[in-house]
Amino acid sequence: MKEGRIIKALSGFYYVLSGDQLIECKGRGLFRKQKITPLVGDRVKVEVQADGTGTIVSVDERINELIRPPVANIDQAVIVNSLAEPDFSPLLLDRFLVLIEHKEIKPLIILTKTDLVKESKQESIDQFMSDYRSLGYDLLTFSKDDPANTIYEAVQPHLADKISVIAGQSGVGKSTFLNVLDVSLQLETGDISKSLGRGKHTTRHVELFSIAGGLIADTPGFSSLEFSEIELDELRYCFPEFVELQDECKFRGCMHMKEPKCAVKAAVDTGDIPAFRYKHYKTFYEEINSRKPRY
Ligand SMILES: Nc1nc2c(ncn2[C@@H]2O[C@H](COP(=O)(O)OP(=O)(O)OP(=O)(O)O)[C@@H](O)[C@H]2O)c(=O)[nH]1
Ligand SMILES: [Mg+2]
Ligand SMILES: [Zn+2]
């Protein structure tokens, strides 16, 4: 019996990394009946046959799991947003952050294409970056022209010993970033995939790559950025700076909306909480509130 981690699932086969050995496996027949679907990221036990292939006989309990992309036991989500082409959108970044916070996964923000930032935008971007950092988020910047070793050194401590998924809109430079970290990856980037339009997101399989002492999945991003799994009263917990202040609100269970003596709104007024964060909270709140009830 061997232990390992599924790093790739493709056409009914699971590829399990055990030490430095990669074992091609099938799932146990019983799994189907038990409704167990092994996922990339799962820690598993494998029975190895004489021909070197294996059968997954058990799947360890998961810390967490995502449905899209299908990955389990994620420590961190690397949220990639570009600063230009497409333009930086704090609203979109906050959308990703809320989804990640809701899953209780640690986010790492990477802002790409620093080389394309227009001078007229630099100041406002610097302000956003300092705001996110003061909220406690780890934030790194990236340009594909930066020396690879500088990028590696900045990122390595964040990736080492963790399972990360990379998330972000199409075209922001996710694959480019990973290729800089490991030239041997040669992930498809840019124009080729762009010509396929939305078809680009057809990367059917999720694969964990060993990079910088950790495992990281290049996925086509989170295909849905809707808050369908987030309930209205959960949204406030997805803003860590609100959570920090909630005990100071007059009302227990304050939603930081219409309630009087709300510590969050007071902090927005004094500038201690960036106004744009609160504005996005209200936007998402309305979005969830107007969602059709599910039965
Ligand atoms: N100028 C500049 N261009 C970049 C940078 N990073 C990526 N690009 C370009 O942006 C385009 C998209 O990059 P990709 O790495 O394919 O983007 P992606 O996020 O993997 O996109 P999907 O796989 O479609 O989700 C390519 O043409 C890259 O060369 C950067 O730092 N600076
Ligand atoms: Mg890509
Ligand atoms: Zn409040």
Side-chain angles (χ1 to χ4, degrees), residues 75-102 104-147 149-160 162 164 166-169 171-174 176-177 180-181 212 221 225 235-246 248-249 256 262-285:
D75 299 306
Q76 172 170 264
V78 180
I79 306 176
V80 182
N81 277 63
S82 55
L83 291 171
E85 297 182 21
D87 274 348
F88 180 52
S89 163
L91 181 66
L92 189 64
L93 175 53
D94 282 339
R95 214 171 253 286
F96 276 110
L97 286 171
V98 163
L99 288 163
I100 302 299
E101 295 279 359
H102 185 249
E104 293 178 27
I105 297 169
K106 182 196 171 311
L108 167 67
I109 302 170
I110 298 192
L111 301 179
T112 62
K113 311 197 188 185
T114 51
D115 55 307
L116 296 180
V117 174
K118 293 204 185 72
E119 244 189 87
S120 60
K121 299 241 168 111
Q122 192 64 55
E123 203 178 322
S124 102
I125 283 172
D126 288 344
Q127 183 62 51
F128 280 120
M129 293 204 291
S130 100
D131 284 342
Y132 281 106
R133 284 186 173 127
S134 69
L135 293 172
Y137 288 114
D138 287 326
L139 186 153
L140 303 172
T141 57
F142 167 84
S143 158
K144 69 175 160 72
D145 304 323
D146 290 345
N149 60 338
T150 311
I151 297 168
Y152 188 92
E153 275 163 30
V155 175
Q156 192 269 345
H158 294 277
L159 297 187
K162 292 198 185 83
S164 304
I166 196 158
Q169 261 184 307
V172 294
K174 299 182 293 296
T176 304
F177 169 68
V180 169
L181 290 179
L225 283 179
L235 182 64
R236 58 197 152 146
Y237 304 123
C238 302
F239 288 73
E241 72 274 35
F242 297 5
V243 176
E244 221 166 276
L245 285 175
Q246 65 186 14
E248 292 167 39
C249 293
H256 323 309
C262 166
V264 167
K265 281 190 286 179
V268 175
D269 287 341
T270 60
D272 286 338
I273 288 178
F276 74 91
R277 289 280 290 175
Y278 186 63
K279 189 173 149 221
H280 295 166
Y281 173 71
K282 286 200 289 186
T283 304
F284 301 152
Y285 188 96

What residues form a side-chain hydrogen bond (donor to acceptor under 3.5 Å, both in side chains) with Ser164, not counting sequence neighbours? Gln76

Do Leu245 and Ile273 touch side chain to side chain, with heavy atoms closer than 4.5 Å? yes

For the residue pair Phe242 and His256, does the interplanar ring angle fall in the parallel (under 30°), tilted (30 to 60°) or perpendicular (over 60°) class? perpendicular

What is the distance from atom CG of Leu181 to atom CG of Asn149, rounded to the nearest 0.5 Å? 11.5 Å

Show your reasoning for whether side chain to side chain contact (heavy atoms under 4.5 Å, CB included) applies to Val180 and Phe142. CA-CA 10 Å; Val180 169; Phe142 167 84; 4.0 Å; yes

Electrostatic pair Arg277-Asp131, nearest N-O below 4.0 angstrom: no

Strictly distance-based, threshold 3.5 Å: is any side-chain N or O of Thr112 a donor or acceptor partner for the main-chain N or O of Val172? yes

In Å, rounded to the nearest 0.5 Å, how long is the span from OH of Tyr281 to CZ of Arg236? 6.5 Å

Check Tyr152 against Ala212 and note the closest heavy-atom contact, atom names and distance. OH-CA, 3.3 Å

Do Phe96 and Val80 come close enough that some side-chain heavy atom pair is under 4.5 Å? no

Indicate yes or no: at least one non-hydrogen side-chain atom of Val78 is less than 4.5 angstrom from one of Leu159. yes

Given the rule in the side chain to side chain contact (heavy atoms under 4.5 Å, CB included) test, do Arg95 and Phe284 qualify, once you have shown the distances and angles that lead to the verdict? CA-CA 8 Å; Arg95 214 171 253 286; Phe284 301 152; 3.9 Å; yes

Nearest-0.5 Å distance, CD of residue Gln169 to CD1 of residue Ile79: 12.5 Å

For the NE2 atom of His280 and the CG atom of Leu92, what is their distance to the nearest 0.5 Å? 10.0 Å

Is the Tyr278 to Tyr285 ring centre distance short of 6.0 Å? no

Determine whether a donor-acceptor pair (N or O, by modelled atom type, separation under 3.5 Å) exists between the side chain of Lys106 and the backbone of Ile100. no

Nearest heavy-atom pair of Pro90 and Tyr132: which atoms, and what distance? O-OH, 3.4 Å

If we only count heavy atoms from C-beta on, is the Phe88 to Ser124 side-chain gap below 4.5 Å? no

Scanning both residues in full, the closest heavy-atom pair of Tyr137 with Cys238 reads OH-O, 4.5 Å

When every non-hydrogen atom of Lys162 is compared with those of Pro157, the smallest separation belongs to NZ-O, 4.3 Å

To the closest 0.5 Å, what do you measure between CZ (Phe177) and CD1 (Ile110)? 3.5 Å

Flag yes if more than 12 heavy atoms outside Glu104 fall under 6.0 Å of its CD atom; otherwise flag no. no

CD1 of Ile125 to CG of Leu111, rounded to nearest 0.5 Å, is 8.5 Å

Please check: side-chain N/O of Lys113 versus main-chain N/O of Glu85, any donor-acceptor pairing under 3.5 Å? yes

Can you list the steps and then say if Phe128 with Leu93 is a side chain to side chain contact (heavy atoms under 4.5 Å, CB included)? CA-CA 11 Å; Phe128 280 120; Leu93 175 53; over 6 Å; no

Please report the closest heavy-atom contact between Pro86 and Gly171, naming both atoms and the distance. CD-O, 4.3 Å

Would you say that Phe239 contacts Val98 through its side chain, given a criterion of any heavy-atom pair below 4.5 Å between the two side chains? yes

Going through the distances and angles, do Ile109 and Leu97 end up as a side chain to side chain contact (heavy atoms under 4.5 Å, CB included)? CA-CA 9 Å; Ile109 302 170; Leu97 286 171; 4.2 Å; yes

Got more than 12 heavy atoms from elsewhere within 6.0 Å of CD, Glu241? yes

For Thr114 versus Ser143, what's the shortest heavy-atom pair and its separation? OG1-CB, 3.1 Å

